Amino acid sequence: MEILETILDINPNYSIIGLLAVFFTLEQVSGTPFSFKKRGNHLFQNILFQIVLIVLNLFFVAIQVYCIEWLNTKEIGLLYLVALPFWTKLFLSVVLYDFTTYWIHRASHKIPWLWRLHRVHHSDTTMDSSTTFRFHPLELILIYQTGNIVTAGIFGTDVTSMALYYFIIYIFFFLEHSNLNYPKWLNSTFGLIFVMPDHHRVHHHQEQFYTDSNFADIFIIWDRIFGTFKLLSVEEMKYGLKEFEPEEKQTFLYLMKSPFIDSKKNSI
Ligand SMILES: [Zn+2]
Ligand SMILES: [Zn+2]
């Protein structure tokens, strides 16, 4: 219990800033699979997304928490049908939040108006630790926060498990997006259950056949079970989206407007 309380006591904004500092520093001092230029400007543009998100969340997280707690007080959801030990319910809840996220993410690649929001994350041609922040705030707030409320409504998951889920997911996000060399053996060990950096790199590959794979955030088992798992060597990877390649389309301002601009899916 104590360890859980310690984790949940940390302000998520502080842990995210700490993770960025660690991973961004590692990218500057260690060997990297890709060599990119203009890291400062890239970092700045991506941080702007996080700043907008933090400001909007001052309001929206409270709504999300209110809705989930309301569902919990009414004991709505499947997990209320069985009496489970605290830790089992906590573990199952984290798994279930990840399960819903997998399906929302998969739908975001299929449904055109969802893709308009989600392609902001895929637009990055020089992926590094700061790509973790490159999400359109409307996607995270309108789509994913609603998804969390739906998860709570169907399964009976609570706010504590959601907070733990977000704590874990950001560690995975930084591992997955960072421009670092990871040992290959990770894929054949932890990678049987968890999403490894090489898995998520495939998801950022420009070729749509690969973009539409490896949708999971924590548990790669969802892709393995539902037939969307693919693997490709890092050397063959080309990040980004063809229609977002010009430099003027890589700025924060353009990307914020981009969901409202029609640009054809132009995959190689
Ligand atoms: Zn995606
Ligand atoms: Zn990503």
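By convention here, the first residue in the shown sequence is residue 1. We count ligands from 1, going down the list as the structure has it; atoms in each ligand are counted the same way. Everything numeric here is computed off the predicted structure, so don't read it as measured data.
- Geometry at the Zn ion (ligand 1): NE2/His105 and NE2/His118 form an angle of 90°, nearest 10 degrees.
- Checked by atom type, the side-chain pair Tyr102/Thr228 shows a donor-acceptor distance below 3.5 Å.
- One side chain, His105 or His203, offers a donor N or O that lies under 3.5 Å from an acceptor on the other.
- Backbone or side-chain N, O or S atoms of His121 do not reach the Zn ion (ligand 1) at under 2.8 Å.
- Distances from the Zn ion (ligand 2) show that His122 has no N/O/S atom below 2.8 Å.
- When ring centroids are compared, His199 and Phe229 come within the 6.0 Å threshold.
- Because the distance cut-off is set at 2.8 Å, His203 fails to qualify as a neighbour of the Zn ion (ligand 2), as none of its N, O or S atoms comes that close.
- Relative ring orientation between Phe174 and Phe133 is described as perpendicular, the plane-to-plane angle rising above 60° on a 0-90° scale split at 30° and 60°.
- Here His177 contributes NE2 and His204 contributes NE2, and at the Zn ion (ligand 2) these two atoms make an angle of 110°, given to 10°.
- When ring centroids are compared, Tyr144 and Phe135 stay outside the 6.0 Å threshold.
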